[in-house]
Amino acid sequence: MTLTPSHLAGTDAWTDARLLYALEEVVEKELNRHLKVAKDWMPHEYVPWTEGRNFPGFFEDGEPWDPAQSKVTQLGRTALVVNLLTEDNLPSYHHEIATLFGRDGAWGTWVHRWTAEEGRHGTVMRDYLLASRAVDPDELERFRMAHMSEGYESDNRHSMLHSVAYVAFQELATRVSHRNTGHQSGDPVCDRMLARISTDENLHMVFYRNLLGAAFEIAPDETMQAVRDVVTGFRMPGHGMPGFERAAVAMAVGEVYNLRIHHDDVLQPVLRYLKVLDIDGLGPAGLRAQEELGLFMNGLDTEAAKFDDKLAARKARMAARGRV
């Protein structure tokens with residue numbers, strides 16, 4: 001039977017272990033819903049294999065990579081590398097959520113299913129990039145080795161509830177980043193591939209978003225504090241990869257992912273769907289977290305507006321120079 005606040009009175013009762021148990025039925029329900037709507041797909045069907053040819057190395061006929069071979073825009077290449085390197089750290093992500101959520105019952109089934117689905121994303125992206133010669137393969141591999149050698153530790157690994165809150169937003173952020181990368185890539189094949197990946201990411205977001213909604217019902221104060229902490233300190237999982245800051249700037253200016261997109265297309269949809277800022281009946285700690293969250297969102301909107309103005313001015317300058 002699912003535990004409710006009447007079974008577990010007091011803030012101290014909501015340990016990770018008890019929250020995991022209390023949410024088990026919700027996880028099973030959401031897992032069954034996910035399996036009904038998720039469609040299997042074959043990564044190899046999205047890769048233009050006929051465009052592939054040997055690279056230098058063991059093959060005498062190997063042809064070195066050249067930027068002119070890529071059908072993808074410069075912005076698309078930058079974003080694709082960031083997106084793939086993010087997917088590459090799947091072993092670290094699996095380890096973290098398996099440690100937090102466990103490998104048994106509905107939680108464990110979800111952990112393994114999510115990992116299997118995410119594995120497709122890295123597979124199809126890498127195959128596409130190499131077959132189509134979209135990016136420099138040597139640089140990509142050097143970046144992969146450097147990024148994975150560092151490993152990944154989430155800012156929210158200390159708390160199951162914080163982790164659920166984080167992935168509810170992060171899965172949507174990843175979907176948005178992939179989708180916008182496809183639109184900006186200049187290659188219809190790339191756009192189609194990333195649209196397929198984005199569909200998966202959206203389903204993952206729905207799973208975690210609904211789970212977060214259930215957490216609000218049984219532990220509203222603790223969940224509100226977790227959401228406050230996650231939103232105000234949010235960082236994408238790829239923040240530690242080589243050259244991330246420079247790539248993030250290019251993606252912001254190119255409207256793949258920036259403050260406005262983060263506010264309007266990632267944070268607001270989840271907060272609005274769950275009516276987070278309208279929840280009442282909170283205790284002092286939850287009410288304070290809700291107020292701080294509202295203030296942060298207002299401030300972020302103001303910062304996004306400043307970015308919008310700067311971006312519009314930049315576009316105007318480029319248009320005046322004939323570089324639209």
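Atoms considered below: every heavy atom in the structure, side chains included; atoms not considered: hydrogens, waters and symmetry mates.
Put simply, the side chain of Gln225 gets close to the backbone of Asp221: a donor and an acceptor are under 3.5 Å apart. No donor-acceptor distance shorter than 3.5 angstrom exists from the side chain of Asp187 to the backbone of Lys71, with no hydrogens or angles considered. Here the side chain of Arg133 pairs no donor or acceptor atom with the backbone of Asp66 at under 3.5 angstrom. Distance alone, capped at 3.5 Å, places no donor-acceptor pair between the Asn202 side chain and the Ser198 backbone. A donor-acceptor contact shorter than 3.5 Å links the side chain of Glu24 to the backbone of Ala106. At distances below 3.5 Å, at least one donor-acceptor pair connects side-chain atoms of Tyr166 with backbone N or O atoms of Arg235.
Counting all heavy atoms, side chain and backbone alike, Leu282 lies closest to Pro220 at CD2-CB, 3.8 Å. The minimum heavy-atom distance between Ala22 and Ile218, with the atom names listed, is CB-CD1, 3.6 Å. Taking each heavy atom of Gly76 and Thr181 in turn, the nearest pair found is O-CG2, 4.2 Å. Heavy-atom minimum distance, Ala247 versus Thr78: CB-CG2, 3.6 Å.
Taking the six-membered ring wherever Trp is involved, the centroid distance between the rings of Phe207 and Trp114 does not fall below 6.0 Å. With ring centers used as reference points, Tyr208 lies 6.0 Å or more from Phe169.
Under a 4.0 Å N-O distance rule, the pair Asp88/Arg126 qualifies as a salt bridge. Salt bridge present: Arg144 and Glu141 bring a charged side-chain N and a carboxylate O closer than 4.0 Å. A salt bridge links Glu255 and Lys315; the closest N-O separation between the charged side-chain nitrogens and carboxylate oxygens is under 4.0 Å. A salt bridge does not link Glu171 with Arg175: every distance from a Lys NZ or Arg NE/NH1/NH2 to an Asp or Glu carboxylate oxygen is 4.0 Å or more.
Side-chain contact, Asp127 with His44: no donor N or O sits under 3.5 Å from an acceptor N or O. Residues Thr174 and Gln170 bring a donor and an acceptor atom of their side chains to less than 3.5 Å of each other.
The OH atom of Tyr46 sits 11.5 Å away from the CG atom of Leu194 when rounded to the nearest 0.5 Å. Atom-to-atom distance recorded for Leu35:CG and Glu30:CD is 11.0 Å, nearest 0.5 angstrom.
Applying the side-chain contact (heavy atoms from CB on, under 4.5 Å) test between Ser132 and each of Pro48, Cys190, Ser70 identifies Pro48 as the sole match.
Crowding of Glu45 atom CD: a count of heavy atoms from other residues, nucleotides or ligands under 6.0 Å exceeding 12.
Under the 30°/60° scheme for interplanar angles, the aromatic rings of His121 and His178 are found to stand perpendicular.
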